[in-house]
S.K.: 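I have a structure I would like to understand better, so I am pasting it below and will then ask my questions one at a time.
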Amino acid sequence: LAHRQIEQLAYYDVVTGLPNRHAFERRFSSILKSAAKRQRKFALMFIDLDGFKRVNDALGHAAGDKLLNLVGEKLNDNLRGSDFAMQLSSPGSTMVARLGGDEFTIVLQNIDGPHGTQIVANRFLNLLSKPFDIEGHEVFISASIGIALYPDDGNNETDLLRFADAAMYEAK
């Protein structure tokens, strides 16, 4: 029981219950090694919420936390098996990770190229543009998504994260 609690604190975000940065980095490293070994492509999506600070300022941090939770659920619930989402531990379980603040990541494995990744990104942008009900308030946000493709945009964790982050800022 204590071991499970320690693991929960170490690898899962307290606000959303999603895998945290540490869990993401561990799994991302494993995916990178596997892709290199099998000569497979994958995409890293870096998602940042636009307008999140406005929600925190206007409605308070509890409302901001609720919004983060709803966004994480929406992303997780709308990954399809065909999206080849990153596996956390058990087969069939998808992983959306919250890196911190209002930043989320998703890894799409075994992709053929940028077209399929762009379709998934557009689906998420559409989902996140719909209103959220936060404490009786209709809240609108949007998101910016940066995408890095392995091996085209980098062949290590640092370069891929940097490229996806830069692409996300360019999308803003």
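Note that the structure is a prediction, hence the values are computed from the model and not measured.
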S.K.: Going by distance alone, is a donor N or O of one side chain under 3.5 Å from an acceptor N or O of the other, for Tyr150 and Arg40?
M.R.: no

S.K.: Just so I know, are the side chains of Leu67 and Leu59 near enough to count as touching, which here means a heavy-atom distance under 4.5 Å?
M.R.: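 Result no, sub-4.5 Å side-chain heavy-atom pair not found.
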
S.K.: Considering the options Ile111, Thr117, Leu149, which one meets the side chain to side chain contact (heavy atoms under 4.5 Å, CB included) requirement together with Lys41?
M.R.: Ile111

S.K.: Report the distance from atom CG of Asn78 to atom CD of Glu73, rounding to the nearest 0.5 Å.
M.R.: 11.0 Å

S.K.: Among the clusters formed by ILVMFWY side chains lying less than 4.5 Å apart, do Phe163 and Leu108 turn up in the same one?
M.R.: no

S.K.: How about Val120 and Met45: do any of their side-chain heavy atoms sit closer than 4.5 Å?
M.R.: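 They are in side-chain contact.
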
S.K.: Could you tell me which non-hydrogen atom of Asn156 sits nearest to which non-hydrogen atom of Asp159, and how far apart they are?
M.R.: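 In terms of heavy atoms, the two residues are closest at OD1-N, 2.7 Å.
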
S.K.: So do Val71 and Phe52 actually touch side chain to side chain, heavy atoms under 4.5 Å?
M.R.: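 Not touching, per the 4.5 Å side-chain cut-off.
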
S.K.: Over all heavy atoms of both residues, which pair between Ala97 and Asn20 is shortest? Give the atoms and the distance, please.
M.R.: CB-O, 4.4 Å

S.K.: Report the C-alpha separation of Thr105 and Phe28 in whole Å, then their side-chain angles, then the decisive distance to 0.1 Å, and conclude whether the side chain to side chain contact (heavy atoms under 4.5 Å, CB included) test is met.
M.R.: CA-CA 10 Å; Thr105 56; Phe28 190 59; over 6 Å; no

S.K.: Quick one: CE on Met168 to CG on Leu161, what's the gap to the nearest 0.5 Å?
M.R.: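 Met168 atom CE to Leu161 atom CG measures 11.0 Å (nearest 0.5 Å).
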
S.K.: For the residue pair Phe104 and Phe24, is the inter-centroid distance of their aromatic rings smaller than 6.0 Å?
M.R.: no

S.K.: If we check salt bridge (charged side-chain N to carboxylate O under 4.0 Å, His left out) with Arg98, which of these qualifies: Asp13, Asp48, Asp65?
M.R.: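 So the option named by the test is Asp13.
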
S.K.: Can you confirm whether Asp153 sits close enough to Ile147 that some side-chain heavy atom of one is under 4.5 Å from a side-chain heavy atom of the other?
M.R.: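 Side-chain contact under 4.5 Å: no.
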
S.K.: Does atom NZ (Lys53) have a neighbourhood of more than 12 heavy atoms from anything else shown, all under 6.0 Å?
M.R.: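 Check fails, neighbour count at 12 or below.
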
S.K.: Do Leu18 and Tyr12 touch side chain to side chain, with heavy atoms closer than 4.5 Å?
M.R.: no

S.K.: Once rounded to the nearest 0.5 Å, what's the spacing between atom CD of Gln109 and atom CD1 of Ile31?
M.R.: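 Nearest 0.5 Å value for the CD-CD1 distance: 4.0 Å.
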
S.K.: Do His137 and Phe132 make a side-chain contact, defined as non-hydrogen atoms from C-beta onward lying under 4.5 Å apart?
M.R.: no

S.K.: Do Lys74 and Phe124 meet the cation-pi criteria used here (NZ or CZ under 6.0 Å from the six-membered ring centre, within 45° of the axis)?
M.R.: no

S.K.: Measuring from atom NZ of Lys37 to atom CG of Leu32, what distance do you get when rounded to the nearest 0.5 angstrom?
M.R.: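 Those atoms lie 13.5 Å apart.
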
S.K.: Whether the side chain of Ser129 engages the backbone of Asn126 through a donor-acceptor N/O pair (distance < 3.5 Å, no angle test) should be reported.
M.R.: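 Flag set: sc Ser129 to bb Asn126 pair under 3.5 Å.
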
S.K.: According to a hydrophobic-cluster definition based on side-chain heavy atoms being under 4.5 Å apart (Ile, Leu, Val, Met, Phe, Trp, Tyr only), do Leu127 and Phe140 belong together?
M.R.: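 They do not share one cluster, since no chain of ILVMFWY contacts under 4.5 Å joins Leu127 to Phe140.
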
S.K.: Can you tell me how far apart CD (Glu170) and CG (Asp165) are? Round to the nearest 0.5 Å.
M.R.: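 Rounded to the nearest 0.5 Å, the CD-CG separation comes out at 12.0 Å.
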
S.K.: Using a distance-only test with no angle check, is there a side-chain donor-acceptor pair under 3.5 angstrom linking Ser144 and Asp50?
M.R.: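 There is such a pair between these side chains.
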
S.K.: Kindly indicate, with the supporting measurements, whether the criterion side chain to side chain contact (heavy atoms under 4.5 Å, CB included) is fulfilled by Phe42 and Leu160.
M.R.: CA-CA 11 Å; Phe42 69 84; Leu160 289 166; 3.9 Å; yes

S.K.: Against Val139, only a single residue in Leu70, Asp133, Val55 fulfils side chain to side chain contact (heavy atoms under 4.5 Å, CB included); can you say which?
M.R.: Val55

S.K.: Once rounded to the nearest 0.5 Å, what's the spacing between atom OG1 of Thr16 and atom NZ of Lys66?
M.R.: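 Answer rounded to 0.5 Å: 12.5 Å.
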
S.K.: For Glu138 and Pro131, which heavy atoms make the closest approach, and how far apart are they?
M.R.: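 That would be CG-CB, 3.4 Å.
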
S.K.: Any idea which heavy atoms bring Ala143 and Leu128 closest together, and the distance?
M.R.: CB-CD1, 3.6 Å

S.K.: Before you tell me yes or no, could you show the steps for Ser30 and Arg26 under side chain to side chain contact (heavy atoms under 4.5 Å, CB included), namely the whole-Å CA-CA distance, both residues' side-chain angles and the distance that decides it to 0.1 Å?
M.R.: CA-CA 7 Å; Ser30 173; Arg26 266 181 74 185; over 6 Å; no

S.K.: Cut-off 3.5 Å, side chains only: do Arg38 and Ser34 have a donor facing an acceptor?
M.R.: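 Looking only at side-chain atoms, Ser34 and Arg38 do form a donor-acceptor pair, the distance falling under 3.5 Å.
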
